[in-house]
2 protein chains.
Amino acid sequence: MAVTKHSKQRDAIIEELCHRHDHPTAEELYLALKMKMPNLSLGTVYRNLNMLSDDGTIQKISVGGADHFDGNADNHYHMLCSECKRLYDVTYPVLEDIEKKAHDFVDGRITSHTITFIGVCNGCL
Amino acid sequence: MAVTKHSKQRDAIIEELCHRHDHPTAEELYLALKMKMPNLSLGTVYRNLNMLSDDGTIQKISVGGADHFDGNADNHYHMLCSECKRLYDVTYPVLEDIEKKAHDFVDGRITSHTITFIGVCNGCL
DNA sequence: TATAATAACAGTAACAATTATCATTATTGA
DNA sequence: TCAATAATGATAATTGTTACTGTTATTATA
């Protein structure tokens, strides 16, 4: 079902997600919001994050065994810290031509691509 | 604990994984092997796949909410079919310099990278 | 080759992340 | 204002994975 009506919970989820620059999991977001909306439900957070990422309003990134969410829906790359498992933005310019170039190496049609760097963040070094 | 002893189960897992060119999940591998080894345990498959990927003998790829395994441990790229959720090899040449180049855009140290193309495979088109 | 140490096993329980269900509440258009 | 229904909170169910436990298989050494 597509997003149609408004709700305080949904607005709060979007606002929280866009105003922080880490890439929280549903539960991390839930815990942060729970303080301001004590009877927020974890299911509501999951439901909204999935609807919004289906919509293309936000981005879902599945790495390290959990789904992380990113308020920035434009394609960009990430780094996963292998120590703390946090996900960071990598502002490396997007390889605009890689999908076209890769076409010859694939049996099918490419619609998008993701690059994930694995490493250790400064905090963990 | 590192891999030391041999076992029929482990050998069968490696053989099956290396002789097929899709990238099965633990369960897919389990179901295929179960036919030849009826009392194989799913836990054994998981345990071995994790030990072998810790060793660097095989590769674990976490995409689409599940872990897929690849008998080819050399870095190479993949395509995830958004229809059937199967994972395919992409023989696109590895971008040897991208980690060095990305260094300036990251707060930390990069140790590896993955590229995943998302698309629709020929079978699903 | 027998044996002792222990890695690996099967089976199952536990776990964490996510999704589905359902009765109630909030939003929206008429 | 009110009816239709999307969205919610609470909780149950599901899924993918890991941990536990008693038993079996492998291996190095005697």
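A note on names: the letters A, B, ... follow the listed sequences, proteins ahead of strands, and every chain is numbered from 1.
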Please lay out, stage by stage, how R86(B) and D22(B) fare under the test salt bridge (Lys or Arg N to Asp or Glu O under 4.0 Å).
CA-CA 7 Å; R86(B) 268 190 279 257; D22(B) 61 341; over 6 Å; no

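The nearest whole Å value for the distance from the NE2 atom in H6(A) to the P atom in dA7(D) is 10 Å. Atom-to-atom, CE of M51(B) to P of dT17(D) comes out at 18 Å; the value is rounded to the nearest Å. Atom-to-atom, CZ of R10(A) to P of dT8(D) comes out at 5 Å; the value is rounded to the nearest Å. Between the CG atom of L42(B) and the P atom of dC20(D) there is a distance of 17 Å, given to the nearest Å. Protein atom CG of L49(B) is 15 Å distant from nucleotide atom P of dA19(D), rounded to whole Å. If you measure from atom CG of N39(A) to atom C1' of dA26(C), you get 13 Å, rounded to the nearest angstrom. Rounded to an integer number of Å, the gap from L40(B) CG to dC9(C) P is 9 Å. Atom CD of E27(B) and atom C1' of dT14(D) are 12 Å apart (whole Å).
At the phosphate of dT19(C), neither OP1 nor OP2 sits under 4.0 Å from any side-chain N or O atom of Y46(A). Regarding contacts with the backbone of dT18(D), a side-chain N or O of N50(B) is found under 4.0 angstrom from either OP1 or OP2. Within the structure, a side-chain polar atom (N or O) of T4(B) is placed less than 4.0 Å from OP1 or OP2 of dA8(C).
Heavy-atom nearest nucleotides on DNA chain D were determined for T44(A) and for H68(B), and the one closer to the 5' end corresponds to T44(A). Comparing A26(A) and K8(B) by the nucleotide of DNA chain C that holds the closest heavy atom to each, the one mapping nearer the 5' end is K8(B).
Note on V63(A) and M79(A): separate hydrophobic clusters, where clusters join Ile, Leu, Val, Met, Phe, Trp and Tyr whose side-chain heavy atoms are under 4.5 Å apart, directly or indirectly.
For S41(A), whose side chain is taken as the heavy atoms from C-beta onward, the closest listed nucleotide among dG9(D), dA8(C), dA10(C) is dG9(D). In the set dC9(C), dT19(C), dA10(D), dC9(C) carries the atom at the smallest distance from any side-chain atom of Q9(B). Considering only side-chain atoms of K5(A), the nucleotide from dG9(D), dT5(D), dT6(C) that sits closest is dT5(D). The side chain of N48(B) lies closest to dC9(C), out of dT26(D), dA17(C), dC9(C).
Here R47(B) lies in heavy-atom contact (under 4.0 Å) with a base. No engagement by M37(B) is indicated, since no non-hydrogen atom pair under 4.0 Å with the nucleic acid exists.
Looking only at distances, no side-chain donor or acceptor of R10(A) sits under 3.5 Å from a matching main-chain atom of L52(A).
Relative orientation of the H23(B) and H76(B) rings is tilted, given thresholds of 30° and 60° on the angle between their planes.
Side-chain contact between L95(A) and Y77(A) is present, with at least one heavy-atom pair separated by less than 4.5 Å.
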